[in-house]
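See below for the structure under consideration.
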Amino acid sequence: MALRFDDTLETVLGGDVRSATGAPLAWRQLVDLIGRGRVPSDDHALAVLGEIRPLVPIDVRIASARALEGARPPAPLVELLAADDLRVALPVLRTARLDEAAWIALLPSLAPGARHVLRNRRDLSPAVTRALESFGPADFVLPDHSAALAEAVPNADMGAATDDDAPAAALGDASPGLFAVADLMARIERYRQDRDAGDRVRATERARSFRFETDASGVLRWVDGVSRAPVIGLSLDLQGLAGGSRLDGVASGAFRRRAGFTNARLTIQGESDAGGDWLVSGLPVFDPVTGRFTGYRGSGRRPRADERAEPLRAPVEADALRQIVHELRTPTNAIAGFAEMIETEMLGPVPAPYRDRAATIRAQARELLGAIDDLDLAARIESAALSLAEGQVGLQPLLAGIVADLGELLALRGSAIDLADDVLFVSGDHRAVERLLARLLATLVSATASGERLRIRFALESEQRVAILIDRPKALGQYPGDSVLGIDDEQDEDGTLLGTGFALRLVRNLARELGGSLRIAPDLLTLHLPATAAAKEKAQRH
């Protein structure tokens, strides 16, 4: 959001922040301003956030927290959001960047579920990891969700268990049927229908036009026809930031020339009556005595169907999927942790059959977590919410580690991988490249037969790209070309949880996000990734 911040905080705090309509708007603005460092984490502002939180609907608080993904919110705001409902805390805790002391100071105030989120992060310092481990088994105790489980799984046996059956009853909560993909997709469809209905209701409540005035610096200081909070402070001179309210270059260009403008495209974030897309027009105003420029006066209207200007919006299914996988990850982690405690008898002696069942559930939970991560990644790609960093990744050591991790699966399939020793680097986000290669190899190994060997070679095809060539398993040979991307192997007990086709499509889409591609030939898969600067120089020399 393009704002001038000299008095923005005072403007927001001085408005109507405690009414049913004003509180959500104030919450959005304060979280955005503080979270993106546009104003300091003022004690008074944080106190106001704490006071108005009960007045702000949960979906507004969730949306505000998600909008901070990729930002660097200060520790006081992270603490405030982390103490909220887990759906609000999760996107902040997954991406927040705090120093070691701030994380350690924050941990005691977090709920067990919030600490589980941090346990999934791999970028925290060893001291923070040790501090997390110090909370011990208490974090893995599962609350009684029997009523919710009975509703989610009507056929599940939720009858009472005796004291002797306590471990089995605890594990009964982790029934694999609870996490069936069909149930997941049914929840997504219900969410989509509810959201569509809500969108239609909100659309009828939005304003159709407004008038505005700016000061000499181009900042909107007066507005009539829509709520003030989302509009006051917007600037004609700045074009805004991705993900926030924004105005296109028509208005900024006219402002610099002190000229009029017509039908500049404005997008206002949020669910207020001002939210959505507008076409705005304005004329410059000059002091009649001195001739000095004093600002603009203008109006805004909603665009007609033939002049819609909104950016492409992520499909509702992608938004719903991200919310659902976030909700599933924490209880799945808890189930896996509790099963491990039973398996290792951390809670006391456990009969062998229960330990075996705990081991099975832990393995299933680990597989489910992988599927949840895949769904989350697919939704992020579809909704253009994937954050990638620049870096240099060595292929051979990375692939060697992945092959080692697949040792158990390779032994189960009776197959092997031959990895080339070539030293070659690609350009891209290290975690994304690792996830891409790990997912691809796991999928291919799952399709291998006993005695089959997959060769992995590297080649510098040009100064622009590196090729990773992998033998195609014979079991996939019956699918010509890219048709393998559409297969469904749900019935294959050794296949991936979401299907080989889904896994390969995910790899292909992630490769595209990294600036590469995936090509599937009858006997070979070729993964192209961008070359590093050193590789480009090598290609030029040859």
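Reckoned from all heavy atoms, side chains included, excluding hydrogens, waters and symmetry mates.
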Is there a side-chain contact between [X] and [Y], using heavy atoms and a 4.5 Å cut-off?
| X | Y | value |
| --- | --- | --- |
| Val117 | Leu86 | yes |
| Val88 | Ile62 | yes |
| Leu77 | Ser41 | no |
| Ser299 | Ser209 | no |
| Asn263 | Val250 | no |
| Arg115 | Leu93 | no |
| Leu118 | Leu107 | yes |
| Phe212 | Leu234 | no |

Spacing of [atom1] belonging to [X] relative to [atom2] belonging to [Y], to within rounding of 0.5 Å:
| X | Y | atom1 | atom2 | answer |
| --- | --- | --- | --- | --- |
| Leu220 | Leu247 | CG | CG | 8.5 Å |
| Leu368 | Ile361 | CG | CD1 | 12.0 Å |
| Arg36 | Arg72 | CZ | CZ | 13.0 Å |
| Arg435 | Leu506 | CZ | CG | 6.5 Å |
| Asp224 | Phe210 | CG | CZ | 10.5 Å |
| Leu266 | Arg301 | CG | CZ | 12.5 Å |

Side-chain donor/acceptor of [X] to backbone N/O of [Y], under 3.5 Å:
| X | Y | answer |
| --- | --- | --- |
| Arg28 | Pro24 | no |
| Asp215 | Gly218 | yes |
| Glu100 | Ser125 | no |
| Arg66 | Pro91 | no |

For Ser227 and Asp273, which I'm curious about, is there any donor-acceptor pair between the side chains at under 3.5 Å? yes
Would one find more than 12 heavy atoms of other residues, nucleotides or ligands at under 6.0 Å from atom [atom1] of [X]?
| X | atom1 | value |
| --- | --- | --- |
| Asp43 | CG | no |
| Arg97 | CZ | yes |
| Arg258 | CZ | yes |

Can you check side-chain contact (heavy atoms from CB on, under 4.5 Å) on Ile52 and Arg18, steps first, answer last? CA-CA 6 Å; Ile52 66 175; Arg18 289 178 174 80; 4.1 Å; yes
Looking at [X] and [Y], what are the two nearest heavy atoms and their distance?
| X | Y | answer |
| --- | --- | --- |
| Trp278 | Ala207 | CH2-O, 3.4 Å |
| Arg221 | Arg228 | O-NH1, 4.3 Å |
| Ser272 | Pro230 | OG-CG, 3.3 Å |
| Tyr296 | Phe255 | OH-CA, 3.5 Å |
| Leu68 | Leu81 | CD1-CD1, 3.9 Å |
| Pro74 | Leu98 | C-CD2, 4.3 Å |

Is a salt bridge present between Asp84 and Arg61, judged by a nitrogen-to-oxygen distance below 4.0 Å? yes
Do NZ/NE/NH1/NH2 and the carboxylate oxygens of Asp287 and Arg292 come within less than 4.0 Å? no
With side-chain contact (heavy atoms from CB on, under 4.5 Å) as the test, would you mind laying out the steps for Arg211 and Val223 before giving the verdict? CA-CA 6 Å; Arg211 295 179 296 145; Val223 65; over 6 Å; no
Tell me, please, which residues at least two apart from Arg53 pass side-chain hydrogen bond (donor to acceptor under 3.5 Å, both in side chains). none
